[in-house]
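If you read the sequence from its start, that first residue is 1, and numbering goes on from there. Keep in mind that the numbers below use all heavy atoms, side chains included, and drop hydrogens, waters and symmetry copies.
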Amino acid sequence: MATDRPPMRPTREPRVTLDDLVEVLLNKGAVLHLDLIVAVADIPLIGVSIRAAVAGMETMLEYGMMRDWDEATRAWAERSVVRRALDLREDEAVVRRMSGGHLLTEGVYHGWRPGTVYLTDQRLAVLRAEPREILWQTELSGVSAVRLVPERTVGGEERLRLELTLADGRRELLSAKEPETLCDLITRARAGHLAPALPPGLVTDEDPPLAEGHLWYQEPRRSGPVWRGGNARLTADGLTWKSPLDARPALVLATAELADVRRVPGHGPAGEGSVLVVTTTGREEVRLAAHDPGLWTRRLEAARPVAAAG
């Protein structure tokens, strides 16, 4: 038989500090419901109805709020970084970027200078991040020929390099993570058949994901494990998970480390039956939670090495 409970009323706790309030807002959040009527001489003139959620960005994203704003902001930041780094022209767009380098053959120093190779619809450049500097660049109209040439490294490994012949007869040598792809793009650019530039925010040198989306990760801490929401990305190389507030991924698992993936009964952040356990080859267990645990289980199973799956 249900019993009537007294209505909840605001309380005042003098020992609560501003730090306590900030901690609650960041970790748990608060929902504000406010109805305000402004009256003059007992005549209601203005009505204000406010429904607001106040929480840290990590908590907001965990509950699916402000995700569009977060994604748009990140895409804008990426475009801004690329634009500042290369000083992109108004009508210039990045087509592809990948790790690589340029062989310096002039001056006192001769050797490879590592960086990131940027191919735009107008030029080719090699950029160093720290300290930020354009190591080498040329207009695509100034490239008269491009071909792949093998080079044997100090360790005896043979690698493909890109040899560019410029209009003035000079030859430049570049290294690239995907030399065949870059060579093909430059060749198509010279023929006037350059592929359309990638949409802003999608410029990447990463492998295409097998699965990507919001996941919760049970992060081990000294005071006990804590569920945290963030973005997971599964590629052929491995699984990474990163909170929106983290500078780098908090979880990195290579596919070679995946020994077993299974769903476990119980309640998780996404509801009943949302938890899956990933066991590594070192017999460590990683707990994740998803709105679609079945999909993530199948994708992780498919990414496991054949030897481990057997």
Calculate, to the nearest 0.5 Å, the distance between atoms [atom1] and [atom2] belonging to [X] and [Y] respectively.
X	Y	atom1	atom2	value
L103	E172	CG	CD	8.5 Å
W296	L288	CH2	CG	8.5 Å
R123	L140	CZ	CG	10.0 Å
R161	E163	CZ	CD	13.0 Å
Q137	T120	CD	OG1	9.0 Å

I37 atom CD1, over 12 foreign heavy atoms within 6.0 Å: no
Steps toward side chain to side chain contact (heavy atoms under 4.5 Å, CB included) verdict (L185, R96): CA-CA 9 Å; L185 287 172; R96 193 66 181 270; 4.0 Å; yes
W136 side chain reached by L104 side chain, heavy atoms, under 4.5 Å: no
Pairwise side-chain contact, L124 with V117, heavy-atom cut-off 4.5 Å (strictly under): yes
[Y] backbone acceptor or donor facing [X] side chain under 3.5 Å:
X	Y	value
H214	A290	no
S99	K177	no
R128	P131	yes
T255	A236	yes

For the student: nearest non-hydrogen atoms of [X] and [Y], plus distance:
X	Y	answer
S274	P269	OG-N, 4.1 Å
P249	K242	CA-CB, 3.9 Å
R304	A259	NH2-O, 2.9 Å
G213	N231	O-OD1, 3.3 Å
W112	S175	CZ3-N, 3.4 Å
A250	E219	CB-OE2, 3.9 Å

Centroid separation H291 to W216 less than 6.0 Å: yes
Side-chain heavy atoms under 4.5 angstrom apart, residues restricted to Ile, Leu, Val, Met, Phe, Trp, Tyr: same cluster for [X] and [Y]?
X	Y	answer
L135	V143	yes
V126	M98	yes
V252	L215	no
L182	V149	no
L160	I186	yes

Sole residue of L210, L276, L295 in side chain to side chain contact (heavy atoms under 4.5 Å, CB included) with L300: L276
Verdict with supporting geometry, V146 and L162, side chain to side chain contact (heavy atoms under 4.5 Å, CB included): CA-CA 7 Å; V146 57; L162 279 86; 4.2 Å; yes
Test salt bridge (Lys or Arg N to Asp or Glu O under 4.0 Å) applied to D35 - qualifying residues, sequence neighbours left out: R51
Polar contact flag, side-chain donor to acceptor under 3.5 angstrom, S243-R228: yes
Electrostatic pair R298:E301 at N-O distance under 4.0 angstrom: no
Pair R233 + E212: basic N to acidic O under 4.0 Å: yes
Side chain to side chain contact (heavy atoms under 4.5 Å, CB included) between V94 and L119, worked out: CA-CA 6 Å; V94 176; L119 173 64; over 6 Å; no
Full working for side chain to side chain contact (heavy atoms under 4.5 Å, CB included) between V261 and T297: CA-CA 6 Å; V261 183; T297 301; 4.0 Å; yes
